[in-house]
Amino acid sequence: MDQTLARKVNPKPRRKGGAYTVGSEDIYIFPLSESTNIFLQKVWTAFVNKMVSMTLPNGKPVFQYAIFEAIQDKNLKIVASATHFRMKQVTDRIGIQSIDDFIRNTIPISIQDPGNLSAKYLREAILSVEKKARPEVYFHSLDDERVHPNLKQLLTKTMNYAAGIPLFVKGFPIGMLWGIRRDNMSPEQEEEVRQQLYSLYDVVDFVISKEMGLKGDPYYARKNIEKSDLHSRAKHLFYTRGFGQDEPVTTIVFDSHTYQRSYRLDASFLIPSGDGYSVSLKRFEPKERNDTGKNLLLIPGFFCRRSVMDKVARELSLRHGYRVFSMDMRGRSRRTLPLFGIREGWTVDDFIQEDFPAVLNWIKENFPNEQLVVVGHSMGGMIPRFYCSAYEEIVKRKKDSPVPLTRPDDLISGIVSITSPNFVRLQAQIPGLDILKMGLKLVPSKTISDFLFDLTSFSLQTTLPTVDLNKFFKFLLGLHSSLRAVSFDLHAKVVNLRDFVGYKQISPPEWYFLIEDIFCEESTKVVLQFLRSQLSQDRSFLSYDGTLDYTALQKNLQIPLFSVLGSVDKVVPSETIENDLAALPHKKNKILSYEQGHLGIVFHMPVVKEMCSEIDSWIKGLDST
């Protein structure tokens, strides 16, 4: 045999050009179009923010760091980064030098570089997406020798393990999203993370595809990505004809892997209220409902949008099987305002006497055979209590009401009131206000407080028709500063934003989302109404014109009441709730306390689960004798 033929030949590895099957190594990755790249630059911080806010079922954060590698021409480059423990500083608008440096120090890696793992995974993902499947989720030890040297030099001692997923928009790859953590994950944790990243993949694709156009809004794209529920996966999207709605309602059908339940989310039903305002309702409809025959209406409090109640809404709907409506009152979004602006603002009376009955009437019309339980947090608990107890007085005063005033007994079978006062008494001493209160005892008329409110109204209304939360607390600081001449104690603790949150386990991402999404602006008239109650010597909450004492009328409340207290709540201390409610006669009334602050009671998941279980048991007992 010819020795040359017998010798084994080892040819250089070559790409297969003639095979029928297309392999990942054959795939060409196109650069992003200029318009896509411009839009993504305004949105991709939301990817990393959402990544570092992910939690395991026990509430612990999944990732300490997140990076997004975007396709930039023929390279992949880290363009956005976030850290779990620095997000609060981001909301405080403090420059994060380390993050800025991290981005600056990243070096683009060619998509053709054989050591570029992200490019390899993007090619594999293109094949999956072409077959109508989601990309793989990749888990890596960062000690892996395959990690590119350009990335290795950026890692710190706490960056040991990573999970990543390629992101696509309209079928085209936009980059690779990575979450990085210190400790390895168990197989069960990996499966939980895999499900959440699949949900995030769907959310990014859906939101950006929807918003990336001539009229697209990057702000709403970021907010919708950041507040998405990663414990559920969207199956279907429809635009539906809602009950009496002129505009289409966005309807999404989800599978929740956390609750093992399918549900439908409708956002939003718009219900006309008074003077051109509207109320907005979001609906959670579980596939299997319980047999109580009760719908739930959730109402947020002072300065809060309905998002503040999302954890409570999902727990009551997806674990306990209720149809849940979550309410945004007037002024909480652009869609709830009149077409020609906010006019002269609104009061708490408008919430009680127009917005709330408008929703009651809408629910009664659309679900005539079902009863309602109202669950309100803070001011959201005052609204149903005050409406029900002052109903006869409201009917007398509003003979030309813009909305039907539904009789409470015809629809409402119970009220759950969470850290909700009967009057306002902040557990923080604002210097000077104690002197004013002493003066009120000596002067029968309210000359001093009226003078103060004239000044307050003037100073606020000439700057803003509405006041946001940070500005409100700055105003309180300015108020106490202007009263130093009559104050003997300038070192007293002044109420602040941390007191308002009152959530001792709050994480930096939660701070971020509270400030960015949940807190909203409030009408100056609402602020003044609360301040008047704070200053009053009477333990009462009055209507804006001072002629209706809601607190005194609460003795008329005949509807069962379940009141939940926060024992460390400085905004609504127990003294503003407990004694008055304990005096109400209904035998189904209940009072329960948790060691939580004002917002912590609806945010800290262990408390939310226990509280919702108690609410469910209480509701099921309402019909028993």
(message) Using the rule given for side chain to side chain contact (heavy atoms under 4.5 Å, CB included), can you reason through V373 versus Y322, listing the C-alpha separation, both sets of side-chain angles and the distance that settles it, and then say yes or no?
(response) CA-CA 10 Å; V373 173; Y322 292 94; over 6 Å; no
(message) Determine whether V169 and T36 satisfy the following criterion, side chain to side chain contact (heavy atoms under 4.5 Å, CB included), listing intermediate values before the conclusion.
(response) CA-CA 9 Å; V169 172; T36 300; 5.8 Å; no
(message) Test side chain to side chain contact (heavy atoms under 4.5 Å, CB included) on R319 and R261; report intermediate values, then the result.
(response) CA-CA 8 Å; R319 189 177 304 282; R261 192 191 290 259; 5.9 Å; no
(message) Pair I111, L122 - check side chain to side chain contact (heavy atoms under 4.5 Å, CB included), show working.
(response) CA-CA 10 Å; I111 289 174; L122 282 169; over 6 Å; no
(request) Dump the intermediate steps for salt bridge (charged side-chain N to carboxylate O under 4.0 Å, His left out) on K120 and E124, then the final yes or no. (result) CA-CA 6 Å; K120 175 180 181 295; E124 293 174 358; 2.7 Å; yes
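The side-chain heavy atoms of H231 and L318, taken from C-beta on, include no pair separated by under 4.5 Å. The shortest side-chain heavy-atom distance between W178 and S118 falls under the 4.5 Å cut-off. Residues F519 and V501 are in side-chain contact: their nearest non-hydrogen atoms beyond the backbone lie under 4.5 Å apart. Taking 4.5 Å as the limit, some side-chain heavy atom of S307 sits within range of a side-chain heavy atom of I518. Using a 4.5 Å heavy-atom cutoff, the side chains of Y239 and V249 are not in contact. Residues Q596 and H604 have side chains in contact (heavy-atom distance under 4.5 Å, counting atoms from C-beta outward). Counting heavy atoms from C-beta on, the side chains of V312 and M611 come closer than 4.5 Å. Annotation: side chain of H377 is in contact with side chain of L599 (closest heavy-atom distance under 4.5 Å).
Minimum heavy-atom separation, I165 to E136: CG1-O, 4.0 Å. Smallest separation of non-hydrogen atoms from G179 and F63: C-CD2, 3.3 Å. Nearest heavy-atom pair, Y259 versus S256, reported as atom, atom and distance to 0.1 Å: N-OG, 3.1 Å. Shown here for G566 and T419, the closest heavy-atom pair between the two residues is N-CG2, 3.6 Å. Looking at every heavy atom in both residues, E285 comes nearest to S317 through N-OG, 4.4 Å. Across all non-hydrogen atoms, the minimal contact from V572 to D569 is N-OD1, 3.0 Å.
Between the CZ atom in F238 and the CD1 atom in I252 there is a gap of 10.5 Å [rounded to 0.5 Å]. Interatomic distance, OG of S417 versus CD1 of I299, reported as 10.0 Å (0.5 Å rounding). The structure places CD of Q189 at 7.5 Å from CG of N58, a figure rounded to the nearest 0.5 Å. K74 NZ to Y28 OH: the interatomic distance, rounded to the nearest 0.5 Å, is 5.5 Å. Atom-to-atom distance recorded for I27:CD1 and R123:CZ is 9.0 Å, nearest 0.5 angstrom. Taken from CG in D229 to CD in Q196, the straight-line distance is 8.5 Å, to the nearest 0.5 Å.
Counting only N and O atoms by type, the side chains of H257 and E192 include a donor and acceptor under 3.5 Å apart. In summary, the side chains of S209 and D205 do present a donor paired with an acceptor at a separation below 3.5 Å, with no hydrogens or angles considered. Inspection of the N37 and Q72 side chains reveals an N or O donor paired with an N or O acceptor under 3.5 Å.
Looking at K311, its side chain does come within 3.5 Å of a backbone N or O of F603 through a donor-acceptor pair. Listed for the N116 side chain is a donor-acceptor partner under 3.5 Å among the backbone atoms of S110.
Using a cutoff of 4.0 Å between basic side-chain nitrogens and carboxylate oxygens, K223 and E516 are scored as salt-bridged. A salt bridge links R332 with E522: the closest approach of a Lys/Arg side-chain nitrogen to an acidic carboxylate oxygen falls below 4.0 angstrom. Ionic pairing of R306 and D328 is present here: one or more N-O contacts between side-chain nitrogen and carboxylate oxygen are shorter than 4.0 angstrom. Taking 4.0 Å as the cut-off between side-chain N and carboxylate O, E226 and K50 do not count as a salt-bridged pair.
Aromatic ring orientation, F47 versus F68: perpendicular (interplanar angle above 60°, classes split at 30° and 60°). Ring geometry for Y121 versus Y138: interplanar angle under 30°, hence parallel rather than tilted (30 to 60°).
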